[in-house]
Amino acid sequence: MNLLIKSATIIDPNSPFNQKIADVLIEKGIITQIAPDIETDTEIFEAEGKYISPGFFDLNCNIGEPGLETKEDLYTGTKAAAAGGFTGIALMPNTVPPVHSKSEIEYILNRSKKNLVDVYPLGAISHKREGKDLAEMYDMYLSGAKAFSDGNRPVQDAGLMERALLYAQGFDALIFSYPEDTAIAGKAKVNEGEVSTLLGMKGIPSLAEELMIARDLYLAEYTVSRIHFSTISTTRSVELIREAKRKGLEVTCDVAAHHLILTDEALLGFDSQYKVKPPLRTQDDVDALLAGLKDGTIDAIVSQHTPHEVEFKNVELEVAEFGIIGLQTALPLALKAGLSVELIVEKMAVNPRKILNIDIPVIAEGKEANFVLFDADEVWEYNKKNNRSRSYNSPFIDHNLIGKVLLTCNNNQSFK
């Protein structure tokens with residue numbers, strides 16, 4: 001891949017060219033020159049007023065393969081990722097069979113070789129994600145798993161979570177906690193509050209999330225282990241993690257992009273496309289999440305991309321599945337939330353890789369070209385035609401969004 005990007009604004013805290021407007025020359029997938037004005041016969045991409053940053057990385061992505069390819073397979077999932085500016089994704093083990101042994105890890109890594117998007121499968125904490133016995137964590141780690149999670153199922157057994165933290169510590173792996181106390185959450189479908197009362201539905205209280213965060217923070221402190229909380233959503237959750245960081249605990253967390261702009265009021269029309277888990281919360285919670293991003297309490301923004309076939313979403317709210325697709329809308333939603341481009345790059349490109357302890361791309365001469373070029377002001381319509389996912393369960397389909405990915409490059413490949 002040979003390309004000259006003209007007059008782009010470089011946003012990369014690790015680059016000597018951070019905040020500078022420059023031309024970027026890529027030859028055979030390597031950034032060979034960055035300068036104010038480069039002359040070459042190479043294909044030119046005019047990027048005045050546009051931003052170039054390290055490629056985004058998603059810490060919470062669901063793709064159905066293996067077993068649920070009718071929702072999403074690795075081909076369509078990575079196409080959606082590239083279209084959203086992601087050059088790396090961490091895959092949750094929510095498949096059939098679940099990713100709970102080295103066989104599934106190796107299958108995913110082999111299937112995703114030579115892809116523009118780097119794929120990192122997360123291994124399950126427990127066998128079959130049943131929350132009873134530890135999975136083959138060390139075998140999965142040796143095969144390429146960087147971290148472990150039971151995906152959208154919380155580890156309800158405190159003893160099992162303690163053992164997982166201690167075991168992972170032995171080979172410096174990371175445990176992801178999905179914080180929900182199922183005994184408190186029950187079978188409710190929406191956030192507990194005024195909206196759930198108006199809808200006439202049982203609600204999931206914030207307490208269900210906060211109790212699990214408090215428990216796992218105690219366990220992490222007791223075992224002196226690292227822990228990462230996936231998709232936090234409440235004010236008190238932010239406060240608990242902020243206090244833990246002040247105490248010196250090795251804790252990180254992320255938030256789903258849709259939780260930064262949507263509240264539970266979106267469900268007043270009984271539209272199942274807004275049904276997600278954790279559920280959409282209140283405006284006070286949204287404000288706390290944004291404050292947590294800005295003060296460093298929340299480390300990353302994720303898409304929580306969760307594809308479903310039409311028959312699982314275009315049904316009554318009560319019986320619809322949780323989740324929306326989010327790879328192509330993560331950037332526009334972060335911009336709509338009022339976050340600066342610099343903060344978005346930190347939370348969507350730099351910090352996610354720090355959390356997984358993998359190499360962070362740098363916009364610098366001699367480095368591999370792993371970047372996203374985007375326009376923070378361009379208005380575009382997200383529709384079924386330009387949606388790259390196999391599924392289209394998103395409330396933003398057929399809506400105008402602000403902030404468009406123009407070019408994604410990695411592994412000597414590009415996607416426009």
Side-chain angles (χ1 to χ4, degrees), residues 13-14 54 56-61 86 88-93 120-123 125 137 141 145-152 154-155 161-162 164-169 171-180 209-210 212-257 259-260 278 288-304 330 334 339 343-360:
N14 298 316
F56 300 147
F57 190 100
D58 190 13
L59 283 173
N60 189 315
C61 182
F86 292 92
I89 53 176
L91 296 187
M92 288 290 165
Y120 294 84
L122 302 185
I125 294 171
M137 293 169 60
Y141 172 78
K146 295 288 185 180
F148 299 91
S149 166
D150 268 357
N152 57 4
V155 178
M161 178 58 89
E162 180 197 15
L165 288 166
L166 284 169
Y167 189 52
Q169 192 181 62
F171 44 96
D172 198 29
L174 180 63
I175 295 294
F176 278 40
S177 169
Y178 171 61
E180 181 188 78
E209 177 174 306
E210 296 151 8
M212 192 62 83
I213 287 179
R215 185 203 78 174
D216 286 351
L217 284 173
Y218 275 120
L219 290 174
E221 182 176 23
Y222 178 75
T223 58
V224 196
S225 301
R226 292 191 298 147
I227 192 166
H228 178 81
F229 291 100
S230 191
T231 60
I232 69 169
S233 66
T234 78
T235 301
R236 183 63 179 139
S237 294
V238 177
E239 292 170 352
L240 286 166
I241 293 169
R242 183 181 290 124
E243 182 58 32
K245 288 191 171 188
R246 284 177 185 154
K247 290 172 63 178
L249 271 66
E250 289 192 79
V251 55
T252 52
C253 65
D254 63 55
V255 60
H259 277 110
L260 300 176
L289 293 170
L290 291 171
L293 281 167
K294 292 172 183 176
D295 70 14
T297 301
I298 301 176
D299 301 273
I301 298 170
V302 300
S303 74
Q304 204 185 16
L339 302 179
L343 190 64
I344 290 171
V345 170
E346 177 191 342
K347 305 296 183 181
M348 290 179 60
V350 178
N351 284 359
R353 291 181 170 93
K354 280 185 182 177
I355 290 167
L356 277 193
N357 195 27
I358 58 179
D359 291 340
I360 301 169

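Nothing here was measured: the structure is a model prediction, and the numbers come from that model.
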Please confirm whether the backbone N or O of [Y] pairs with a side-chain atom of [X], one donor and one acceptor, at under 3.5 Å?
{"X": "Y141", "Y": "F171", "value": "yes"}
{"X": "E209", "Y": "S233", "value": "yes"}
{"X": "N60", "Y": "V302", "value": "no"}

Going from [atom1] on [X] to [atom2] on [Y], what distance comes out if it is rounded to the nearest 0.5 angstrom?
{"X": "D254", "Y": "K347", "atom1": "CG", "atom2": "NZ", "value": "11.0 Å"}
{"X": "I355", "Y": "C253", "atom1": "CD1", "atom2": "SG", "value": "8.0 Å"}
{"X": "L293", "Y": "L260", "atom1": "CG", "atom2": "CG", "value": "5.5 Å"}

Less than 4.0 Å between a side-chain N and a carboxylate O, is that true for [Y] and [X]?
{"X": "K245", "Y": "D295", "result": "no"}
{"X": "D172", "Y": "R226", "result": "yes"}
{"X": "E239", "Y": "R236", "result": "yes"}

Do [X] and [Y] have side chains that approach each other closer than 4.5 Å (heavy atoms only, starting at C-beta)?
{"X": "K146", "Y": "L174", "result": "no"}
{"X": "V350", "Y": "P13", "result": "yes"}
{"X": "L91", "Y": "I89", "result": "yes"}
{"X": "M92", "Y": "S149", "result": "yes"}
{"X": "I241", "Y": "I298", "result": "no"}
{"X": "P54", "Y": "V345", "result": "yes"}
{"X": "P278", "Y": "Y178", "result": "yes"}

Verdict with reasoning, F229 to M212, per side-chain contact (heavy atoms from CB on, under 4.5 Å)
CA-CA 10 Å; F229 291 100; M212 192 62 83; over 6 Å; no
Between T223 and Q169, does a side-chain hydrogen bond (donor to acceptor under 3.5 Å, both in side chains) hold up when you go through it step by step?
CA-CA 9 Å; T223 58; Q169 192 181 62; 5.4 Å; no
Decide yes or no on side-chain contact (heavy atoms from CB on, under 4.5 Å) for I301 and N351, but give the supporting numbers first.
CA-CA 9 Å; I301 298 170; N351 284 359; over 6 Å; no
Of all heavy-atom pairs between [X] and [Y], which one has the smallest distance, and what is that distance?
{"X": "Q304", "Y": "A256", "value": "OE1-CB, 3.8 Å"}
{"X": "L217", "Y": "L249", "value": "O-CD2, 3.6 Å"}
{"X": "E210", "Y": "S237", "value": "CG-OG, 3.6 Å"}
{"X": "M137", "Y": "A164", "value": "CE-O, 4.0 Å"}

Go through the steps to decide whether L59 and L122 satisfy the test side-chain contact (heavy atoms from CB on, under 4.5 Å), and finish with yes or no.
CA-CA 10 Å; L59 283 173; L122 302 185; over 6 Å; no
Which word best sums up how the rings of F56 and F86 line up, parallel for under 30°, tilted for 30 to 60°, or perpendicular for over 60°?
perpendicular
Could you label the plane-to-plane angle of the F176 and H228 rings as parallel, tilted or perpendicular, counting under 30° as parallel and over 60° as perpendicular?
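F176 and H228: tilted rings.
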